[in-house]
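Accompanying notes for the structure given below.
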Amino acid sequence: MKLLLFLSNTMIPLLIFYIIGTGLMQKQNIYEQFIHGAEDGFRTVIKIMPTLIGLMVAVGILRASGLLDAVSALFETFLGGSIVPGEMIPVFIVRLFSNSAATGLVLDIFKEYGTDSTLGTIASIMMSSTETVFYTMTVYFMAVKIKKTRWTLSGALLATIAGTVASVVIAGYVQ
């Protein structure tokens with residue numbers, strides 16, 4: 001265990017020293033390249049800022065209006081709680097759009113049912129094995145100006161559904 005702690009504490013500084021050392025050995029102007037990269041990153045953030053704000057506002061409206069609860073109840077009626085527990089459906093839906101909003105829902109599950117409960121375990125596994133599909137597609141495709149997404153959405157949704165079902169199955173084995 002001490003070896004893992006040592007490695008986790010030293011890995012990032014070693015990586016930084018490696019990058020700087022490699023740049024110095026190749027006689028590169030490291031500081032100037034760092035500044036140029038930071039400027040490019042800042043421009044990207046400015047480009048995607050309206051999209052980020054729009055997504056955050058939309059998720060907030062969904063939660064505040066009660067539409068999220070209504071859609072969750074519809075899914076729960078449709079699925080009958082057989083595949084995914086009803087309490088996890090709002091997390092599944094919100095996770096497609098926003099990680100921070102989904103984290104808030106997971107914290108609510110932790111408070112109500114406990115972190116070591118079956119629902120807490122499912123939520124933890126689901127958060128680590130699914131992606132914010134619409135957020136990721138919107139931000140990254142917009143940043144590189146991709147207009148034809150082909151099968152990205154269907155593949156990402158299928159992967160998210162698989163991750164959600166797998167979290168239920170794995171949590172069943174762990175509990």
Side-chain angles (χ1 to χ4, degrees), residues 1-63 88 91-110 115-116 120-171 173-174:
M1 185 65 160
K2 288 185 179 187
L3 177 64
L4 288 176
L5 289 173
F6 173 75
L7 286 175
S8 69
N9 288 336
T10 58
M11 194 58 62
I12 298 296
L14 287 176
L15 183 63
I16 291 170
F17 285 131
Y18 172 76
I19 291 169
I20 291 171
T22 303
L24 289 173
M25 290 176 68
Q26 294 177 357
K27 298 183 182 349
Q28 300 287 322
N29 188 343
I30 301 165
Y31 181 73
E32 191 174 302
Q33 289 179 354
F34 172 77
I35 295 299
H36 179 68
E39 286 174 356
D40 286 347
F42 189 70
R43 281 189 209 107
T44 302
V45 168
I46 295 299
K47 279 188 213 173
I48 64 174
M49 187 67 68
T51 305
L52 292 174
I53 292 170
L55 280 170
M56 287 184 222
V57 168
V59 169
I61 290 171
L62 276 176
R63 286 187 77 182
M88 296 308 300
V91 177
F92 171 78
I93 294 169
V94 170
R95 177 74 168 142
L96 294 171
F97 297 95
S98 170
N99 183 51
S100 57
T103 302
L105 292 174
V106 168
L107 291 175
D108 292 343
I109 288 173
F110 288 167
T115 55
D116 292 334
T121 304
I122 291 170
S124 297
I125 297 170
M126 187 170 89
M127 288 295 285
S128 63
S129 63
T130 58
E131 182 57 70
T132 53
V133 174
F134 295 108
Y135 169 82
T136 304
M137 284 182 62
T138 302
V139 170
Y140 293 114
F141 284 1
M142 189 185 119
V144 292
K145 297 181 176 130
I146 294 175
K147 301 225 187 287
K148 296 180 181 177
T149 59
R150 297 194 122 207
W151 298 99
T152 305
L153 179 60
S154 56
L157 289 175
L158 182 63
T160 299
I161 291 169
T164 302
V165 171
S167 67
V168 173
V169 171
I170 292 169
Y173 285 122
V174 172

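Model, not experiment: these values are computed from the prediction. Only heavy atoms go into these numbers, but all of them, side chains included; no hydrogens, no water, no symmetry mates.
With sequence neighbours excluded, the residues that form a side chain to side chain contact (heavy atoms under 4.5 Å, CB included) with Tyr31 are Asn29, Ile35.
Residues Met88 and Ile109 form a side-chain contact, since some pair of their non-hydrogen atoms from C-beta on lies under 4.5 Å apart. At a threshold of 4.5 Å between non-hydrogen side-chain atoms, the residues Val133 and Leu153 count as touching. Residues Leu96 and Leu157 are in side-chain contact: their nearest non-hydrogen atoms beyond the backbone lie under 4.5 Å apart.
Minimum heavy-atom separation, Ser124 to Phe110: OG-CZ, 3.4 Å. Between Ala102 and Val91 the shortest heavy-atom distance is CB-O, 4.3 Å. Scanning all heavy atoms of the two residues, the minimum distance from Ile30 to Ile20 falls at CD1-O, 3.3 Å.
Taking a 6.0 Å sphere around CD of Glu39, one finds it holds more than 12 heavy atoms contributed by other residues, nucleotides or ligands. The local environment of CG in Asp116 is sparse, with at most 12 non-hydrogen atoms from other residues, nucleotides or ligands closer than 6.0 Å.
Sorted by first then second residue, the side chain to side chain donor-acceptor pair (under 3.5 Å) pairs that include residues 128-142, not counting sequence neighbours, are Arg95-Thr130, Glu131-Thr136, Thr132-Thr136.
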**Prompt:** Run the side chain to side chain contact (heavy atoms under 4.5 Å, CB included) check on Leu3 and Leu7 step by step: do they pass?
**Reply:** CA-CA 6 Å; Leu3 177 64; Leu7 286 175; 4.3 Å; yes

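Remark: Leu14 CG to Asn9 CG distance equals 11.0 Å, nearest 0.5 Å. Rounded to the nearest 0.5 Å, atoms CE (Met25) and OH (Tyr18) are 9.0 Å apart. A distance of 4.5 Å separates CE in Met127 from CG in Asn99, rounded to the nearest 0.5 Å. Note that NZ of Lys47 and CZ of Phe42 are 13.0 Å apart. Values are rounded to the nearest 0.5 Å.
Side chain of Ser98 to backbone of Val94: no donor-acceptor contact under 3.5 angstrom is found.
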